[in-house]
J.: 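Quick one: the structure is below, and I'll ask about it shortly.
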Amino acid sequence: MKKYIYILLTILVVFIVYTFLGRISPEIPVALNLFTIMVVYLAVLDGEVMGAVFGAVCGLIQDSFSLGVFGVAGIATTLMGYLAGFISRKIYVISFFKIFLFIFTMSSFQLIVWKLIHSFVFSEPVFSESHVILSQPFFNALVGSALFPFFRKIFQSVSSDSL
Amino acid sequence: MPSFLKKNKKLVILFSLLLFHMILISIQVPRGKEGTYFESFIFAVFSPVQNGVVALCQSVNRIWNDYFYLREVRVQNRRLNTEVTQLRQENTLLQSLLKNYEKQNEVQEFLSDISEDLVHCRIIGFDMSNAFKSVVINRGSHHGLKKNMVVLDEKGHVVGRMVDPITFYQATVQLITDHKSGVSVVKQGGNSVGILSGNNTQMCEMKYILSTDEEVHTGDVIVTTGHDGIFPPHLKVGMVSSVQTTPGLFKKIKVRPYFQVNQLHQLAVIKTNANIVF
């Protein structure tokens with residue numbers, strides 16, 4: 001139970017940080033997707049089901065604060081969350097460089113899926129958007145891999161308490 | 001069957017979630033651009049958080065500025081800035097509209113109307129996928145805001161229009177730089193009518209101007225025509241930054257809007273239905 005409260009609080013904190021970053025510059029939340037980082041974290045630490053469920057929630061929040069069809073980001077983040085959980089069970093992704101590469105790959109996957117569905121739904125070219133979003137996998141990987149040890153400690157302490 | 005579900009529990013959860021999203025997307029088809037209740041619900045839950053964070057940031061900023069630096073001057077300056085902004089917005093609107101009102105009493109009546117019909121607001125959030133698509137403002141249906149109301153910047157230039165979701169105290173504004181926006185525009189003082197559409201960057205494109213048309217040039221001011229029934233006529237939208245003649249039927253005209261997304265702070269919404277007033 002404590003773990004789920006902690007996850008809800010995490011969503012709230014990510015949203016607050018996202019708003020704060022948007023105040024600094026509106027392009028920062030586009031280049032750095034904190035929701036994606038958190039979905040990868042939880043998928044790595046808790047498995048593919050948590051990744052998919054948390055991905056669905058985060059994707060729908062992003063959709064509600066973005067113009068366009070509601071649910072497109074939800075699908076992309078759900079798939080990414082599940083895949084992140086599944087792959088992390090097969091390979092060891094705890095070290096800095098591996099987590100960097102892992103987040104980069106997962107963010108790229110999410111971006112590609114989102115772009116493809118978006119282009120299909122709106123019948124527009126894949127690269128019609130501002131190019132800032134293309135830097136998202138790199139910045140996600142950079143920030144995500146730097147913060148991962150810190151987040152893992154918090155998550156593990158909460159998980160052990162709940163058990 | 002239950003053993004199959006038990007064995008593939010994780011995949012079942014994944015496909016259930018994907019199906020849920022598919023249903024969400026499907027139910028939007030008959031509704032058109034109208035938002036779903038579920039989307040409005042999520043927006044209503046999280047937008048107050050955004051409002052709170054922005055208010056907190058502004059309070060901290062204000063305390064710092066007011067108490068540590070030139071307290072009196074700052075307060076006075078802020079008040080005057082707000083006043084100037086309001087006057088500029090009213091002035092731009094009035095200048096463009098005075099042409100339509102010949103009788104003095106009609107002008108007086110309109111002056112009092114338009115002043116009451118502007119709702120001043122501030123931006124509390126930007127679109128998560130692209131900052132040039134939409135912004136979230138700290139005014140909503142409680143302040144009388146409705147879908148398709150026109151939004152202006154600090155100087156009275158067109159920024160966009162209200163779209164769903166709109167909650168009691170927050171609302172979404174579709175910017176004219178959004179790929180899916182469309183505004184009926186014309187060169188100021190000219191006759192070449194086109195459609196201004198965004199491309200999800202800082203620039204917009206003025207479409208459907210014939211290649212044989214010689215009226216539009218770089219540096220021309222682009223204003224609204226009012227033909228779309230949403231944006232009132234004569235409002236300034238942007239300036240032509242380049243005109244290219246293509247082998248096709250139409251010219252490629254780039255228009256730079258007067259506002260810059262990262263410098264937008266205060267906005268004003270015209271509450272009155274454009275078709276009634278203008």
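Any value given below was found using the heavy atoms of this structure, including those in side chains, with hydrogens, waters and symmetry copies removed. Below, read A as the first sequence line, B as the second, and so on, with proteins coming before strands; counting in each chain starts at 1.
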J.: Ignoring hydrogens and geometry, is there a side-chain-to-backbone donor-acceptor pair from N262(B) to E27(A) under 3.5 Å?
T.: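 No.
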
J.: Rounded to the nearest 0.5 Å, what separation is found between the CD atom of Q58(B) and the CZ atom of R23(A)?
T.: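 Spacing of CD (Q58(B)) from CZ (R23(A)) equals 5.0 Å.
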
J.: Which atoms form the tightest heavy-atom contact between V30(A) and A131(B), and what is the distance?
T.: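 Residues V30(A) and A131(B), closest heavy atoms: CG2-N, 4.0 Å.
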
J.: For I13(B), is it the side chain, the backbone, both, or neither that has a heavy atom closer than 4.5 Å to a heavy atom of chain A?
T.: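 Contact with chain A involves the side chain of I13(B) alone.
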
J.: Rounded to the nearest 0.5 Å, how far apart are CZ of F86(A) and CG of L14(B)?
T.: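 Rounded to the nearest 0.5 Å, the CZ-CG separation comes out at 11.0 Å.
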
J.: To the closest 0.5 Å, what do you measure between CG (L60(A)) and CZ (F43(B))?
T.: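 Interatomic distance, L60(A) CG to F43(B) CZ, rounded to 0.5 Å: 15.0 Å.
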
J.: For D63(A), is it the side chain, the backbone, both or neither that has a heavy atom under 4.5 Å from a heavy atom of chain B?
T.: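 Just its backbone gets close to chain B.
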
J.: Sort F20(B) into side chain, backbone, both or neither according to what part of it lies under 4.5 angstrom from a heavy atom of chain A.
T.: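 Only the side chain of F20(B) comes within 4.5 Å of chain A.
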
J.: Is it the side chain or the backbone of F15(A) that comes within 4.5 Å of chain B heavy atoms, both, or neither?
T.: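 F15(A) touches chain B through side-chain heavy atoms alone.
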
J.: Report the residue from V173(B), D178(B), N130(B) that forms a side chain to side chain contact (heavy atoms under 4.5 Å, CB included) with L67(A).
T.: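 Going through V173(B), D178(B), N130(B) one by one, the side chain to side chain contact (heavy atoms under 4.5 Å, CB included) with L67(A) is satisfied by D178(B) alone.
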
J.: Out of curiosity, F70(A) CZ to L24(B) CG, how far, rounded to the nearest 0.5 Å?
T.: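 Between atom CZ of F70(A) and atom CG of L24(B) there are 5.5 Å.
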
J.: Can you say whether V163(B) sits under 4.5 Å from chain A via the side chain, the backbone, both, or neither, judging by heavy atoms?
T.: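 Answer is side chain: those atoms of V163(B) sit under 4.5 Å from chain A.
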
J.: Rounded to the nearest 0.5 Å, what separates atom CZ in F126(B) from atom OG in S66(A)?
T.: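 Separation between the atoms: 14.0 Å.
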
J.: Could you state the interatomic distance from CZ (F65(A)) to OG (S129(B)), rounded to the nearest 0.5 Å?
T.: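 Reported value, rounded in 0.5 Å steps: 13.0 Å.
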
J.: Is the number of heavy atoms from other residues, nucleotides or ligands under 6.0 Å of F96(A) CZ greater than 12?
T.: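 Correct, the count exceeds 12.
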
J.: Side chain, backbone, both or neither: which part of L11(B) has a non-hydrogen atom closer than 4.5 Å to chain A?
T.: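 Both parts, backbone and side chain.
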
J.: Please state whether the side chain, the backbone, both or neither of T78(A) comes within less than 4.5 Å of a heavy atom of chain B.
T.: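 Both parts, backbone and side chain.
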
J.: Apply side-chain contact (heavy atoms from CB on, under 4.5 Å) to I124(B) and T19(A), showing your working.
T.: CA-CA 8 Å; I124(B) 57 168; T19(A) 307; over 6 Å; no

J.: Considering only heavy atoms and a distance below 4.5 Å, find which of G74(A), G51(A), G22(A) pairs most often with chain B.
T.: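 That would be G74(A).
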
J.: Can you say whether L264(B) sits under 4.5 Å from chain A via the side chain, the backbone, both, or neither, judging by heavy atoms?
T.: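 Contact with chain A is absent: no heavy atom of L264(B) under 4.5 Å.
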
J.: Of the backbone (N, CA, C, O) and the side chain (C-beta and beyond), which part of V49(A) lies under 4.5 Å from a heavy atom of chain B, both, or neither?
T.: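 For V49(A), the side chain is the part near chain B, not the backbone.
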
J.: Where on S16(B) is there a heavy atom nearer than 4.5 Å to chain A: the side chain, the backbone, both, or neither?
T.: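 Interface part for S16(B): neither.
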
J.: What part of Y82(A) gets closer than 4.5 Å to chain B, counting heavy atoms only: side chain, backbone, both or neither?
T.: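 For Y82(A), side-chain heavy atoms alone lie under 4.5 Å from chain B.
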
J.: So does F20(A) have more than 12 non-hydrogen atoms from other groups sitting under 6.0 Å from CZ?
T.: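 Result for CZ/F20(A): open.
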
J.: Stepwise, does the side-chain contact (heavy atoms from CB on, under 4.5 Å) test hold for N33(A) with M128(B)?
T.: CA-CA 9 Å; N33(A) 192 337; M128(B) 282 197 177; over 6 Å; no

J.: Between V72(A) and H21(B), is any pair of side-chain heavy atoms under 4.5 Å apart?
T.: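 No - every pair of side-chain heavy atoms lies 4.5 Å or more apart.
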
J.: Name the region of Q263(B), side chain, backbone, both or neither, that has any atom closer than 4.5 Å to a heavy atom of chain A.
T.: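 Contact with chain A is absent: no heavy atom of Q263(B) under 4.5 Å.
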
J.: With a 4.5 angstrom heavy-atom cut-off, could you sort out which part of E48(A) is near chain B: side chain, backbone, both or neither?
T.: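 Side chain only.
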
J.: Answer with side chain, backbone, both or neither: which region of F35(A) has an atom nearer than 4.5 Å to a non-hydrogen atom of chain B?
T.: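 Just its side chain gets close to chain B.
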
